[in-house]
Amino acid sequence: MTDLHVRKMSFAFADYDVPFLWNPANPAFSSMANAVSFLAIGFEKMIVKMILQTKPLITDAAVAEEADAFMRQEGQHSAAHRQHVKALIKRYPGLQETLDEVIGEFDRLTRETSLNYRLAYTADLEATFTPVFKLMLDNDSTLFRPGDDRVASLFIWHFVEEVEHRSSALIIFDSVVGSDLYRMRVAPSIFRHVMKVIRMACEGFNQHVPLEDRKIDALSMFASYRRKQSLRRRLPLLSAEDHGPMDRAFDHLPLGEQLTALAGIVRSQLPKHNPAHEKLPALADVWFERYDAGYDVTHWYTADAAAS
Ligand SMILES: [Fe+2]
Ligand SMILES: [Fe+2]
C-alpha cells in the first residue's frame, strides 16, 4: 500500500495581488521559484498524461497504486501552480506567452518522445528534488519566511510532497523500463531540456516584467550567461543588453550545504540509486505533523498569528 496522501490546497492567490518579487529580501530566489511554478505546470501536465499511458503496462498492484497516488499529487501541484501563475499573468499579461511556450515544450515531449523517455525524464528529474529541496527547506528562514506567505506556503507544500513521493517515479520506471543504463544514457538530454525550459521562463521574465519589479536579471542563475554578460560589460564595443543585477539565489547559504546538495544531485543519477535512503529536511516531518493536526498549511508562517 502506498504511503502517499493526496491533499487539495488553495492558496488565496485570487484574494489580492501576488507580487513577482514575493521575497523582497532575495530577488534571485523569488525569480527562480517563479520559474519553477512555470515549469511545474508543464512538467506535471506531462506526468499526468504519461501515467495514464503507463497504467495498462503496470502488472504489479502495489506499483499501480503508487502510480495513481503519484499522478494525483502531481495533478494537485500543477493546479495550484496554475493559480499562482494566473495571478502573475494578471499583473503582467505578456507572461501568458511565456506560459504557453513552457507548456508547449512539455506537450511536444508528450507527442514526440517515447513513453520510456518520459518515464526516464521524470525519474531522473524527480531524483534530484530531495537533495535540492532539502537545501531550500533547511534554509527556509531566509528563503521562504520573509516572503508572501501564500507563495511561500505553495512551495513548502509542493516541496515536502516531492520529498514524500521521492521514490515514486523510480519505482514506476523500474517496473516498466527497468534499465539504469538507459536512464543514465538519456540523462544529458533530459537535463539540457530542463535547463532550456527554465531559461525560456527567465527570458520571459526579463521581457515581460519590468526591472523595477524583478530587481535582478532573471537569467543570472545561468553561469554561462553571467560570464557572457560580464565580458560584454568589459568590452563596450559589444552591445550589451542590461537586464539588471546578476545576484544569485543561494550565495548566502553555507557552502558545505550547497556542496552536499550538489553531491546529492550527482548521486541521484547513479545506478541503483534508492531515494528511500536520502537524508530528509526536518521541515518535512514538521509539515506532515502540522497538516495531520489540522494546522492551516496554506498560511505556513502566519496561521499561528491569525489564530491567536
Ligand atoms: Fe510536483
Ligand atoms: Fe514530483
Side-chain angles (χ1 to χ4, degrees), residues 2-11 13 32-55 63 65-85 99 102-103 105-106 109-110 118-137 144 151-176 183 187 190-191 193-194 197-198 201 261 264-265 268-269 273-276 278 280-281 283-284 287-288 291 297-298 300:
T2 180
D3 294 329
L4 305 184
H5 299 273
V6 181
R7 306 173 183 89
K8 286 193 176 170
M9 296 284 156
S10 177
F11 293 92
F13 290 128
M32 179 191 285
N34 291 339
V36 169
S37 252
F38 279 69
L39 177 121
I41 295 169
F43 175 47
E44 290 169 336
K45 182 184 175 199
M46 179 182 88
I47 291 177
V48 170
K49 289 190 172 170
M50 176 192 83
I51 296 295
L52 291 174
Q53 284 180 345
T54 309
K55 269 184 179 172
V63 177
E65 195 191 353
E66 182 79 15
D68 194 61
F70 170 61
M71 180 186 77
R72 286 172 194 278
Q73 276 199 346
E74 297 295 28
Q76 291 300 324
H77 298 165
S78 191
H81 284 284
R82 270 186 192 274
Q83 296 308 311
H84 175 220
V85 170
L99 177 64
V102 167
I103 294 176
E105 257 311 310
F106 285 102
L109 288 189
T110 298
R118 280 171 282 135
L119 287 165
Y121 191 116
T122 308
D124 278 350
L125 181 55
E126 294 252 329
T128 66
F129 286 167
T130 299
V132 172
F133 296 160
K134 177 173 165 53
L135 176 69
M136 297 185 194
L137 294 173
F144 296 109
V151 183
S153 301
L154 163 71
F155 284 106
I156 291 174
W157 162 62
H158 189 170
F159 293 170
V160 300
E161 286 198 349
E162 289 300 324
V163 169
E164 186 180 40
H165 74 225
R166 65 192 178 280
S167 299
S168 303
L170 263 173
I171 289 171
I172 298 160
F173 175 85
D174 285 340
S175 147
V176 177
R183 198 167 64 77
I190 287 165
F191 289 105
H193 184 267
V194 173
V197 177
I198 295 176
I265 293 171
S268 75
Q269 300 308 303
H273 173 62
N274 185 349
E278 287 289 293
L280 306 183
L283 184 57
W287 194 97
F288 295 125
Y291 177 86
V297 293
T298 66
W300 185 250

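What you see is a predicted model, and the numbers here were worked out from it, not measured in a lab. Numbering of ligands and ligand atoms starts at 1, following listing order.
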**Request:** Determine the interplanar angle of the Phe43 and Phe106 rings, folded into 0 to 90°, and report it as parallel if under 30°, tilted if 30 to 60°, perpendicular if over 60°.
**Result:**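 Rings of Phe43 and Phe106: tilted, 30 to 60°.
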
**Parallel, tilted or perpendicular: ring planes of Phe129 versus Phe133, cut at 30 and 60 degrees** =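 Geometry flag for Phe133 against Phe129: parallel rings.
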
**Message:** If I take atom CE from residue Met136 and atom CZ from residue Phe144, how far apart are they, to the nearest 0.5 angstrom?
**Reply:** 6.5 Å

For the Fe ion (ligand 1), the closest N/O/S atom belonging to [X]:
| X | answer |
| --- | --- |
| His158 | NE2 |
| His77 | ND1 |
| Glu44 | OE2 |

**Prompt:** How about Glu126 and His165: does a side-chain donor come under 3.5 Å of a side-chain acceptor?
**Reply:** yes

**Request:** For residues Phe70 and Leu4, report the shortest heavy-atom separation together with the two atoms involved.
**Result:** N-CD1, 3.8 Å

**Item:** Metal check, the Fe ion (ligand 2) vs Glu162 N/O/S, cut-off below 2.8 Å
**Value:**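 It does; at least one qualifying atom falls short of 2.8 Å.
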
**Request:** Check whether any N, O or S atom of His165 sits under 2.8 Å from the Fe ion (ligand 2).
**Result:**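 Under 2.8 Å: His165 contacts the Fe ion (ligand 2) through an N, O or S atom.
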
**Item:** Residue Glu74, metal the Fe ion (ligand 1), N/O/S under 2.8 Å
**Value:** yes

